[in-house]
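A, B, ... follow the sequence lines: proteins, then strands. Residue 1 opens every chain.
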Amino acid sequence: MNMSLEEKIERDLDLLSRGTEDIINVDDLRKKITRYHQTGQPMVVKEGFDPSAPDIHLGHTVTLRKLRQFQDLGHQVVFLIGDFTGRIGDPTGKKNTRKQLNEEEVLKNAQTYSDQAFKILDRDKTVIKFNSTWLKDITFADLVVITSHFTVARMMEREDFAKRLAAGKPVGLHEFLYPIMQAYDSVALRADVELGGTDQRFNLLMGRDMQREYDQEPQVVMMMPLLEGTDGVEKMSKSLDNYIGVHDLPFEMFGKVMSIPDHIVEKYFILLTDVPIEDVQSLARKVRTNELHPMKWKKQLAREIVTIYHGPAAAEKTSEEFDKTFSKKENPEDALSLAISRGELKDGKMWVVQLLLKTGMCTSKSEIRRLIEQGGVYLDGERISDFNTDLSLPDGTFLRVGKKSFFRITLVG
RNA sequence: GGAGAGGUACCUAAGUGGCCAAAAGGGGCGGACUGUAGAUCCGCUGGCUGAACGCCUUCGAAGGUUCAAAUCCUUCCCUCUCCA
């Protein structure tokens, strides 16, 4: 079908705006899109990645998916690895000064990081760059010139710096350099668009300022909302252990999605799935009018997400498995296998505490004893509440620890 | 360089000689319940010992005083505020 130029531009704008929190500014974006359609010159779309946490979770995929949309429309994505800045540690949102990483750690993380990102990005349409390429050669003299464009007051506008200062927390001088370097990256790349979370507002805007200083057209700043983790309150992050990893196994991924509170389900639909926006809204409406049960709603979300990372077959299977395990309380099929060598058994028996230690989920025996006394341990569906019990363990015995951990015992040797 | 405040468990934070393995809240874990790993309620939350209320280690670090130290003293490290 033949679209007019106007229609193409509006279509692109609509698509790219889905789920965004803020775009600074939309007119600039429209101008750049128009130029693309007129001249065929793609936009350079940049996002920087801090390689301090090597595991990608759904929180990261919010902007990655947006980058993918740019790619699908024909634009050039630069996956910028902040190997140089990573050694400083982005102060964004931190209540405390971040620990600095050494070069080796940063590079290793960068590798695993980009590998995982290609679960979402189109590898052929992505350029990977390291910001050390240009930042490492900056001299002290250069730095003086660059930093002279910015004032201390300007730096202190930043909420997290101001807050830390007000709270009597330390702010390292080197942390001022982070936004400056990130802004300089935009100059080095001649970025047309930079993507980031809303927490990146300050850093992203610095890029615009810096580009003006270097007589470049300022980049469009596109901010995506921060994704709450499974607790529904805090930003998804590995350190808070409220994350859903793109590498999580289907069952775990499904379960973690099911553990999010109801109020963020719609947001997850918008930011993490390709379900058309009208459908997302109609589902949410049905939940509000009690036409759709919140649990069913959430199960659909879980299926959508598992489908993206593991395919539709896995999603279907996992969904049934979940019902069996938690709604009907049956033993799940794919429990982790726990190998026990026959030599470790005495008269075919093993002490519970010893067995639990084998699972590797508790490191201290006091913790195990507590777990048992509180009734969190089941063997073949029977609760073991005395830690003095010796258990006979035939091959294939089913061990359940707490709500979510299941083991199938395999005898070896 | 000067003056003052502070560093307590995963986090916030109380405790200023014995009643302190250390209040309270958050988080986490377990149980009950059910709508799911959601909500609510209850319990647990340093380690060791096949378990008694027995031992060991922990309140920035190292020493010291004392029958007894998170608490007092000395030195050191770190942070904040004000002044220069």
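Separating the CZ atom of A/Phe322 from the P atom of B/U34 is a distance of 17 Å, rounded to the nearest angstrom. Rounded to an integer number of Å, the gap from A/Met258 CE to B/A39 P is 13 Å. Rounded to an integer number of Å, the gap from A/His263 NE2 to B/A39 P is 10 Å. To the nearest angstrom, C1' of B/G50 lies 14 Å from CG of A/Leu356. Rounded to whole Å, the distance from NZ on A/Lys346 to C1' on B/G50 is 10 Å. Atom-to-atom, CE of A/Met350 to P of B/G50 comes out at 15 Å; the value is rounded to the nearest Å. Taking atom NZ on A/Lys169 and atom P on B/C80, their separation rounds to 11 Å, with Å as the unit. Across the protein-nucleic acid pair, A/Lys256 atom NZ and B/U36 atom C1' stand 16 Å apart, rounded to whole Å.
Across all strands shown, B/C44 is found opposite B/G28 as a Watson-Crick or G-U wobble partner, with both distances under 3.5 Å. Base pairing annotation: B/C59 forms no Watson-Crick or G-U wobble pair, as no partner gives both donor-acceptor distances under 3.5 Å. In this structure B/U16 sits in no base pair that meets the Watson-Crick or G-U test at under 3.5 Å. The partner of B/U81 is B/A3, by the rule that a Watson-Crick or G-U pair needs both atom distances under 3.5 Å. Of the nucleotides present, none pairs with B/U71 by Watson-Crick or G-U wobble criteria with both distances under 3.5 Å. The partner of B/A9 is absent, by the rule that a Watson-Crick or G-U pair needs both atom distances under 3.5 Å. Judged by Watson-Crick or G-U wobble contacts below 3.5 Å, the nucleotide B/A39 has no partner.
Taking the six-membered ring for Trp and thresholds of 30 and 60 degrees, A/Phe254 and A/Phe322 have ring planes inclined between 30 and 60 degrees apart. Classified by interplanar angle (parallel below 30°, tilted 30° to 60°, perpendicular above 60°), the ring pair A/Tyr214/A/Tyr184 is perpendicular.
Residue contacts shown for A/Lys298 include a base, since a base heavy atom lies under 4.0 Å away. Heavy atoms of A/Ser364 sit under 4.0 angstrom from primed sugar atoms or phosphate atoms, though from no base atom. Base contact: A/Pro294 has a heavy atom under 4.0 Å from a base atom.
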Per-nucleotide protein contact string for nucleotides 26-31 of chain B, where B marks a base within reach and S marks sugar-phosphate only (heavy atoms under 4.0 Å, - for neither): ---SSS
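With respect to A/Lys358 and A/Glu344, a salt bridge is recorded, a charged nitrogen being found less than 4.0 Å from a carboxylate O.
Closest of all the heavy-atom pairs between A/Ser237 and A/His57 is CA-NE2, 3.8 Å.
In summary, of the residues considered (A/Thr63, A/Ile264, A/Thr61, A/Leu271), a side chain to side chain contact (heavy atoms under 4.5 Å, CB included) with A/Leu227 occurs for A/Leu271 alone. When A/Leu272, A/Ile308, A/Leu64 are each tested for a side chain to side chain contact (heavy atoms under 4.5 Å, CB included) with A/Leu58, only one passes: A/Leu272.
Using C1' as the reference atom, B/C19 and B/U12 are 26 Å apart when rounded to the nearest Å. Separating the P atom of B/U57 from that of B/G47 is a span of 16 Å, rounded to the nearest Å. Atom name P, nucleotides B/A13 and B/G4: the rounded distance is 24 Å, in whole Å. Between B/A69 and B/U65, the distance separating the two C1' atoms is 10 Å to the nearest Å. Across the P atoms, B/U36 and B/G31 are found 16 Å apart, a figure rounded to whole Å. Using atom P as the reference point in both B/A9 and B/C59, the two lie 9 Å apart (nearest Å). Remark: the separation of the C1' atoms in B/A22 and B/A37 is 33 Å, to the nearest Å. Rounded to a whole angstrom, the distance from the C1' atom of B/G15 to that of B/C83 is 33 Å.
Look at A/Lys296 and you won't find any side-chain N or O under 4.0 angstrom from OP1 or OP2 of B/G35.
Centroid-to-centroid, the aromatic rings of A/Phe84 and A/Phe130 stay 6.0 Å apart or farther. Residues A/Phe202 and A/Phe161 keep their aromatic ring centres 6.0 Å or farther apart. Taking the centre of each ring, A/Tyr113 and A/His60 come in below the 6.0 Å mark.
Taking for each of A/Val352 and A/His293 the nucleotide of RNA chain B with the nearest heavy atom, the 5'-most of the two is the partner of A/His293. Residue order along RNA chain B, read from the 5' end via each residue's closest nucleotide, puts A/Thr389 first among A/Leu165 and A/Thr389.
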Worked verdict on A/Ser337 versus A/Arg408 for side-chain hydrogen bond (donor to acceptor under 3.5 Å, both in side chains): CA-CA 5 Å; A/Ser337 154; A/Arg408 176 79 64 186; over 6 Å; no
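If you check B/C48, B/G35, B/A37 against the side chain of A/Ser259, the one that comes closest is B/A37. Here the side chain of A/Phe251 is nearest to one of B/A37, B/G50, B/U36, namely B/A37. Nearest to the side-chain atoms of A/Asp390 among the listed nucleotides B/G50, B/C48, B/U36 stands B/G50.
Here A/Trp351 lies parallel enough and close enough to stack on the base of B/G50, with planes under 30° and ring centres under 5.5 Å apart.
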